[in-house]
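Lettering follows sequence order; numbering is per chain, from 1. As the structure is a computational prediction, the values presented were derived from the model and not from experiment. Atom set for the values below is all heavy atoms of this structure, side chains included, hydrogens, waters and symmetry mates excluded.
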Number of protein chains: 2
Amino acid sequence: MTRQGQRIQKEVLVILRRHLIPRSAYDVLGELRQISPKIAPPTVYRALAALTQRGRVHRLESLNAFIACQCDQHQNASILSICDDCGTVEESVAPDLVEELSGIAGQSGFAPTRHVIEVHGLCASCGTGDIPA
Amino acid sequence: MTRQGQRIQKEVLVILRRHLIPRSAYDVLGELRQISPKIAPPTVYRALAALTQRGRVHRLESLNAFIACQCDQHQNASILSICDDCGTVEESVAPDLVEELSGIAGQSGFAPTRHVIEVHGLCASCGTGDIPA
DNA sequence: TTATGTTATGTTATAATATAACGCAAGCCA
DNA sequence: TGGCTTGCGTTATATTATAACATAACATAA
């Protein structure tokens, strides 16, 4: 990775950390362009891929969007709880559950390498009726 | 749903059942058009949404693709194990794990409504070294 | 049966997401 | 420095998905 690559990854991470709700790659691109107007989609996707691989960012597969890791580093897969009302995402870590999941998938000889665990629903604030629609 | 809607849903299901590996919406559209050339994307997406809602088809969020339900009806969320080599998908049902997952997500008051559980890796055939790349 | 309201469908267009391909530059090492 | 490898910028385009609105199908009751 070059210095320029590092710079962009850092900028992307800063942008994602500004938000509690997921941003699409093009949302991030839009914000990046406020600083560096010439940036093109592949640059953003590369930065997001690198950050995701290093666990600094999580990709929400069911939203096609990204969020900064809230835990500041962990090796296990995250459980991402997505509020379908306000959009906030809560991250949980549960190594036992991931183990169990690997066990179930592995019953037929399947060898897991990556787990996608996302839960949709309503967060505590949106679900209580405190804030009726 | 009208008769035409039923017809298309049935055709989509037949197409998906012809394949053991997931098909994108546009793959399905392409096959549908061999029968009914004038079909447009929204028609396919509507049929897939209806079939998914009824549990006849599963959407693979991490692939943006669809596969026919292999279990022939179940109410619980599926665990979908996706072979990154040959593309086959194996479906498992594990109500206990889904319960546990709901419990973890619910610790903060989150109320789950839908679970996305996908595991990437290598299936038994691809992982054993029997068929080296 | 016809009128009427409601929901589903067809159609067009376009939005949103993602990546292929390739030339140039940066970093690395002899 | 020169040659090698990898990463990056750039252009173009592929892929996935939906908005919007007109029309058609169906249900119901007068």
Side-chain angles (χ1 to χ4, degrees), chain A residues 1-13 15-16 19 21-54 56-67 82 84 87 89 114 116 118 120, chain B residues 1-13 15-16 19 21-54 56-67 82 84 87 89 114 116 118 120:
Chain A
M1 184 181 24
T2 63
R3 281 156 199 217
Q4 176 65 350
Q6 287 173 356
R7 218 194 81 234
I8 289 176
Q9 287 182 31
K10 179 145 194 188
E11 285 170 5
V12 168
L13 196 51
I15 287 167
L16 287 176
H19 303 278
I21 67 175
R23 315 290 286 163
S24 76
Y26 277 76
D27 288 342
V28 173
L29 178 58
E31 298 198 35
L32 269 181
R33 279 178 168 163
Q34 295 177 358
I35 306 164
S36 321
K38 295 168 308 188
I39 288 179
T43 300
V44 178
Y45 279 98
R46 284 166 184 155
L48 287 167
L51 289 164
T52 300
Q53 187 153 28
R54 300 212 312 278
R56 316 280 290 183
V57 160
H58 300 299
R59 180 186 165 91
L60 292 140
E61 298 289 352
S62 59
L63 298 178
N64 295 332
F66 300 84
I67 197 159
I82 301 158
D84 290 328
V89 174
R114 176 184 158 227
V116 175
E118 300 178 9
H120 284 257
Chain B
M1 181 182 28
T2 64
R3 281 155 198 217
Q4 176 65 350
Q6 288 173 356
R7 218 193 80 236
I8 289 175
Q9 286 181 32
K10 177 145 196 186
E11 284 170 6
V12 168
L13 197 50
I15 288 167
L16 286 176
H19 302 279
I21 68 175
R23 313 291 286 164
S24 76
Y26 277 77
D27 288 342
V28 173
L29 178 58
E31 297 196 37
L32 269 181
R33 279 180 168 161
Q34 296 178 357
I35 307 163
S36 321
K38 293 167 310 189
I39 288 179
T43 300
V44 178
Y45 278 98
R46 284 165 183 156
L48 288 167
L51 289 164
T52 300
Q53 186 152 29
R54 302 212 310 277
R56 317 280 290 184
V57 160
H58 300 298
R59 179 185 165 93
L60 293 140
E61 298 288 352
S62 59
L63 297 178
N64 295 332
F66 301 84
I67 196 158
I82 303 157
D84 290 328
V89 174
R114 177 184 158 228
V116 175
E118 300 177 10
H120 285 258

Visitor: Please report the distance, rounded to the nearest Å, between NZ in Lys38(B) and C1' in dA24(D).
Guide: 14 Å
Visitor: Any side-chain heavy-atom pair from Leu63(A) and His120(A) closer than 4.5 angstrom?
Guide: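 Yes. Closest side-chain heavy atoms under 4.5 Å.
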Visitor: Can you measure Tyr45(A) atom OH to dT16(D) atom P for me and round it to whole angstrom units?
Guide: 13 Å
Visitor: On DNA chain C, does the nearest nucleotide to Asp27(A) precede the nearest nucleotide to Arg46(A) from the 5' side, or the other way round? Give the residue.
Guide: Asp27(A)
Visitor: Test for a donor-acceptor pair under 3.5 Å between the base of dG7(D) and the side chain of Arg3(A), counting only N and O atoms.
Guide: no
Visitor: To the side chain of Ile8(A), which of dT17(C), dG9(D), dA20(C) is closest?
Guide: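 Within the option list, the nearest is dG9(D).
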Visitor: Kindly indicate whether the side chain of Tyr26(B) and the base of dA17(D) share any N or O donor-acceptor pair separated by less than 3.5 Å?
Guide: yes
Visitor: On the nucleotide dT9(C), are OP1 or OP2 found under 4.0 Å from the side-chain N or O atoms that Thr43(B) carries?
Guide: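 Checking dT9(C) against Thr43(B), no side-chain N or O comes under 4.0 Å of OP1 or OP2.
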Visitor: Rounded off to whole Å, could you give me the CD1-to-P distance for the Ile39(A) and dA18(C) pair?
Guide: 18 Å
Visitor: To the nearest 0.5 Å, what is the distance between CD (Glu11(A)) and CD (Glu31(A))?
Guide: 11.5 Å
Visitor: Under a 3.5 Å cut-off for both contacts, is dC4(D) paired Watson-Crick or G-U wobble with anything, and if yes, with which nucleotide?
Guide: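 The answer is dG27(C), by the H-bond criterion.
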Visitor: Measure CG/Leu48(A) against C1'/dT17(C) and give the value in whole Å, please.
Guide: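 The answer, rounded to whole Å, is 12 Å.
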Visitor: Pairing donors with acceptors under 3.5 angstrom, does anything connect the side chains of Arg54(B) and Gln9(B)?
Guide: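 Note: Arg54(B) and Gln9(B) side chains meet the donor-acceptor criterion.
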Visitor: Rounding to an integer number of Å, can you tell me how far Leu32(B) CG sits from dT11(C) P?
Guide: 14 Å
Visitor: Of the non-hydrogen atoms in Ser62(B) and Glu61(A), which two are nearest, and what is the gap between them?
Guide: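 Between these two residues, the closest heavy atoms are CA-OE1, 3.5 Å.
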Visitor: Return the nucleotide paired to dA30(D): Watson-Crick means purine N1 to pyrimidine N3 with N6-O4 or O6-N4, wobble means G-U with N1-O2 and O6-N3, both under 3.5 Å.
Guide: dT1(C)
Visitor: Looking at Asn64(A), does any N or O in its side chain come under 4.0 Å of the phosphate oxygens OP1/OP2 on dA18(C)?
Guide: yes
Visitor: Any side-chain N or O of Thr2(B) less than 4.0 Å from the OP1 or OP2 oxygen of dC26(D)?
Guide: no
Visitor: Please report the distance, rounded to the nearest Å, between CG in Leu63(A) and C1' in dA18(C).
Guide: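 Nearest whole value for this atom pair: 16 Å.
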Visitor: Just checking Arg23(B): base, sugar-phosphate only, or nothing, at a heavy-atom cut-off of under 4.0 Å?
Guide: nothing
Visitor: Does dG7(D) have OP1 or OP2 sitting under 4.0 Å from an N or O in the side chain of Arg7(A)?
Guide: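 So the side chain of Arg7(A) is outside the cut-off, no N or O lying under 4.0 Å from OP1 or OP2 of dG7(D).
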Visitor: Once you round it to whole Å, what is the distance between C1' of dA26(C) and CD of Gln4(A)?
Guide: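 Atom CD in Gln4(A) sits about 11 Å away from atom C1' in dA26(C).
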Visitor: Give the C-alpha distance, both sets of side-chain angles, the deciding distance and a yes or no for side-chain contact (heavy atoms from CB on, under 4.5 Å) between Asn64(B) and Asn64(A).
Guide: CA-CA 9 Å; Asn64(B) 295 332; Asn64(A) 295 332; 4.0 Å; yes
Visitor: Rounded to the Å, how far apart are Leu60(A) CG and dA18(C) P?
Guide: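 The answer, rounded to whole Å, is 12 Å.
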